[in-house]
Amino acid sequence: MDNATVSKILNDISVLLELKDENVFKIRSYQKASSAIEHLAENLSDIYKKGGREALENIDGIGSGLSERLAEIFDTGRSAYLEKLHKDIPESVVEMLGIQGVGPKLVAKLYKDLGIKSVKELLSAARSGRLKELDGVRDKKIENIIKGIESFEKLDKKRLLGEVLPYAEKLLGSVRSHKKTLDAMICGSLRRMKETIGDIDILAVSEAPGDLAGYFTDLPQVKRVIAKGETKSSVILENGMNADLRIVDELNFGSAAHYFTGSQQHNIKIRKLAISKGLKVSEYGVFKGRKRMPGGTEGDLFEILGLQFIPPEIREDSGEVEAAMKGSLPQLIELKDIKGDLHMHSDHTDGEVPIEQMAAAAKRKGYEYIAITDHSKSTTVAGGLDEKEIERQIKEIDGLNKRLKDFRVLKSIEVDILKDGALDLEDGILSKLDIVIASVHSHFSMPPEKMTERIVKAMRNRFVSIIGHPTGRLIGRRAPYELDMEKIMDEASRTGTALELNSYPDRLDLNDIHCRLAKAKGVKVAINTDSHSPSDLSHMRYGIGTARRGWLTKKNVINTLSLNDLTLFIGEKRKNKSF
DNA sequence: GCCGTTTTCGGCCCGACTGTTTTCAGTCG
């Protein structure tokens with residue numbers, strides 16, 4: 001069983017406990033454990049297999065009670081506790097929690113006192129006025145419930161980072177354009193560069209907070225105002241997303257940015273650490289008794305607590321606070337470290353423009369090299385290239401390289417890994433290329449052992465320098481193919497093969513957790529865009545964000561190397577005649 | 001349910017906004 005599944009079971013339990021009005025700290029324990037497991041690089045099931053319940057209890061947030069629940073999950077594949085909780089509360093009741101402004105207390109009352117079991121039943125009860133039978137529910141509340149249900153479905157959906165970030169940046173631009181705005185930034189999961197985003201958080205400093213709040217809630221893209229105050233406003237946007245604007249004094253900008261960036265688990269950890277030092281942390285600063293400690297930046301906050309600056313992307317309470325205490329945080333990779341892009345398509349296959357235009361676009365980005373990696377013949381839908389067409393492309397690129405100054409186009413191919421792990425092209429033609437990416441584009445549903453063996457076999461070809469989008473997932477549309485990632489990584493490390501972090505917004509494959517595992521296993525990563533047009537080159541920042549979430553440094557990533565060193569890396573593997 | 005350089009029991013992050021309230025609970029992040 002994978003960590004995501006276990007994490008979800010614990011989270012589901014916490015939600016049901018909330019509806020049962022259980023002890024809030026018990027609920028928080030389940031939430032904390034769920035989050036800890038979600039961000040774990042190693043497979044929890046393996047940890048249990050190797051070290052039993054004792055090994056589980058070594059993980060922060062897991063004690064004897066939870067280790068027992070987890071042991072049952074691993075031993076039997078299910079949780080009797082969750083099933084028992086679910087007997088009292090059907091899934092359709094839980095779904096009502098997704099409505100803005102409807103929380104566990106209200107859902108419990110709706111279900112228990114009125115027998116309302118679903119969003120649909122809630123809507124008709126709201127319209128008929130039956131909700132007034134409940135204590136503390138009056139006209140305004142009913143009106144909000146109806147409005148909440150109207151945007152319920154859209155709100156529920158998480159969206160891709162690559163969709164939301166550009167949209168949020170426009171919104172940020174609007175906030176910044178207000179005359180009284182002194183400063184503004186994006187916070188929340190967007191700043192942490194999570195692969196999917198639930199809502200948009202913007203923090204601002206303004207000379208006239210009331211004016212700015214009014215301006216924000218009146219923006220044309222705002223569909224509905226949920227809350228509007230001097231310091232906090234919340235709206236639903238025309239695209240169905242939730243956006244919050246928080247306005248603070250300049251003095252508090254840093255501590256508010258920290259608080260507003262999260263994650264929640266990270267904030268709790270930081271605030272607990274502060275308490276242990278006799279301090280208090282809130283969005284208004286660090287306090288000793290009533291006295292506010294000097295300094296207003298995020299850096300100051302960390303410094304007062306005796307911590308290194310923790311980059312937003314790794315604020316998940318997955319070891320970053322402990323590392324910052326010891327001063328052992330890594331220097332995370334940055335966009336400017338990238339010297340080239342090793343996965344892009346041209347109009348020879350399914351790309352939109354000629355090679356020369358892709359090269360020009362990459363050069364404008366300040367890159368030193370790119371690889372043109374068109375598809376191979378098996379990928380017929382994309383017009384994959386056969387040997388003759390590759391020979392022609394080689395000649396074209398050789399010609400182009402003679403004309404380009406201080407830039408190099410690497411001759412390459414994204415070769416298909418066939419069903420049995422063989423490659424779509426013979427070594428003879430591969431050897432004429434500068435670098436080769438091998439990817440799976442067919443037969444996605446295979447037993448995990450078979451899929452693992454298939455990719456391992458491809459890695460054993462000395463011409464394969466990179467495995468493209470290793471899990472094949474399309475976020476929200478296609479599950480990753482099942483494989484033994486640890487085995488793949490061990491083999492990648494052994495053969496000197498890099499794994500790709502594909503930056504395409506719906507791929508981000510490897511994901512953040514995989515990146516951390518790759519780092520631990522000494523596997524090199526290639527952060528590529530898989531660009532099909534010049535504008536796709538800008539997707540690199542999503543790959544960098546994911547890499548940073550996975551604690552990667554410049555040294556872990558091959559396309560931070562100079563062309564010369566990259567060539568050495570490729571050559572090193574090619575020296576081996578067999579694996 | 002977790003956790004412990006004061007504690008194995010008694011704590012557990014902190015604050016804004018809304019609606020229904022005469023002092024606060026519920027929700028959200």
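Everything numeric in this text was worked out from a predicted model, so none of it was measured.
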What distance, rounded to whole Å, do you find between the two [atom1] atoms, one in [N] and one in [M]?
{"N": "dC17(B)", "M": "dC12(B)", "atom1": "C1'", "value": "25 Å"}
{"N": "dT20(B)", "M": "dT27(B)", "atom1": "C1'", "value": "14 Å"}
{"N": "dC14(B)", "M": "dC9(B)", "atom1": "C1'", "value": "24 Å"}
{"N": "dC3(B)", "M": "dT8(B)", "atom1": "C1'", "value": "9 Å"}
{"N": "dA16(B)", "M": "dG11(B)", "atom1": "C1'", "value": "25 Å"}
{"N": "dG1(B)", "M": "dT5(B)", "atom1": "C1'", "value": "24 Å"}

Check the distance between [N]'s [atom2] and [X]'s [atom1] and give it to me in whole angstrom.
{"X": "Gln31(A)", "N": "dC2(B)", "atom1": "CD", "atom2": "P", "answer": "14 Å"}
{"X": "Lys147(A)", "N": "dT18(B)", "atom1": "NZ", "atom2": "C1'", "answer": "13 Å"}
{"X": "Ile59(A)", "N": "dC3(B)", "atom1": "CD1", "atom2": "P", "answer": "11 Å"}
{"X": "Tyr30(A)", "N": "dC2(B)", "atom1": "OH", "atom2": "P", "answer": "7 Å"}
{"X": "Leu10(A)", "N": "dG1(B)", "atom1": "CG", "atom2": "P", "answer": "12 Å"}
{"X": "Arg224(A)", "N": "dC17(B)", "atom1": "CZ", "atom2": "P", "answer": "17 Å"}
{"X": "Lys132(A)", "N": "dT20(B)", "atom1": "NZ", "atom2": "P", "answer": "10 Å"}
{"X": "Leu203(A)", "N": "dG15(B)", "atom1": "CG", "atom2": "C1'", "answer": "15 Å"}

Review point. Side chains of Trp551(A) and Asn556(A): does their closest heavy-atom pair fall under 4.5 Å?
Key: no
Ignoring backbone atoms, test whether [X] places a side-chain nitrogen or oxygen under 4.0 Å from the OP1 or OP2 oxygen of [N].
{"X": "Lys280(A)", "N": "dG15(B)", "result": "yes"}
{"X": "Asn144(A)", "N": "dT18(B)", "result": "no"}
{"X": "Tyr284(A)", "N": "dA16(B)", "result": "yes"}

Review point. Want to settle it: does Leu66(A) or Leu279(A) sit nearer the 5' end of DNA chain B, counting the closest nucleotide to each?
Key: Leu66(A)
Look at all strands and tell whether [X] reaches a base, only sugar-phosphate, or nothing, counting heavy atoms closer than 4.0 Å.
{"X": "Asp139(A)", "value": "sugar-phosphate"}
{"X": "Ser64(A)", "value": "sugar-phosphate"}
{"X": "Lys269(A)", "value": "nothing"}
{"X": "Ile62(A)", "value": "sugar-phosphate"}
{"X": "Ile275(A)", "value": "sugar-phosphate"}

Exercise for review: For residues Phe216(A) and His178(A), establish whether the separation of their ring centroids is below 6.0 Å.
Suggested key: no
Revision key, fill the gap. Given protein heavy atoms under 4.0 Å, the one-letter contact record of nucleotides 21-29 of chain B, with B base, S sugar-phosphate only and - none, is simply S----SSSB
**Study point:** Ser206(A) side chain to Lys180(A) backbone, donor-acceptor under 3.5 Å
**Key:** yes
Exercise for review: Could you tell me whether the side chain of Arg176(A) and the main chain of Thr181(A) form a donor-acceptor pair under 3.5 Å?
Suggested key: no
Review point. Looking only at side chains, do Asp509(A) and Thr471(A) share a donor and an acceptor under 3.5 Å apart?
Key: yes
Revision key, fill the gap. When both distances are under 3.5 Å in a Watson-Crick or G-U wobble arrangement, the nucleotide paired with dC9(B) is dG4(B)
Practice item. Please check if atom CD in Gln331(A) has more than 12 non-hydrogen atoms from other residues, nucleotides or ligands closer than 6.0 Å. Key: no
**Study point:** CA sep, side-chain torsions, deciding dist, call: Ser234(A), Asp244(A), side-chain hydrogen bond (donor to acceptor under 3.5 Å, both in side chains)
**Key:** CA-CA 4 Å; Ser234(A) 188; Asp244(A) 290 346; 2.7 Å; yes
Exercise for review: Check the pair Tyr215(A), Ser233(A) against side-chain hydrogen bond (donor to acceptor under 3.5 Å, both in side chains), reporting the backbone distance first and the verdict last.
Suggested key: CA-CA 11 Å; Tyr215(A) 167 80; Ser233(A) 302; over 6 Å; no
Exercise for review: State which of dT20(B), dG1(B), dC17(B) makes the closest approach to the side chain of Ser29(A).
Suggested key: dG1(B)
Point to revise | Glu38(A): salt bridge (charged side-chain N to carboxylate O under 4.0 Å, His left out) partners, not counting sequence neighbours | key: none
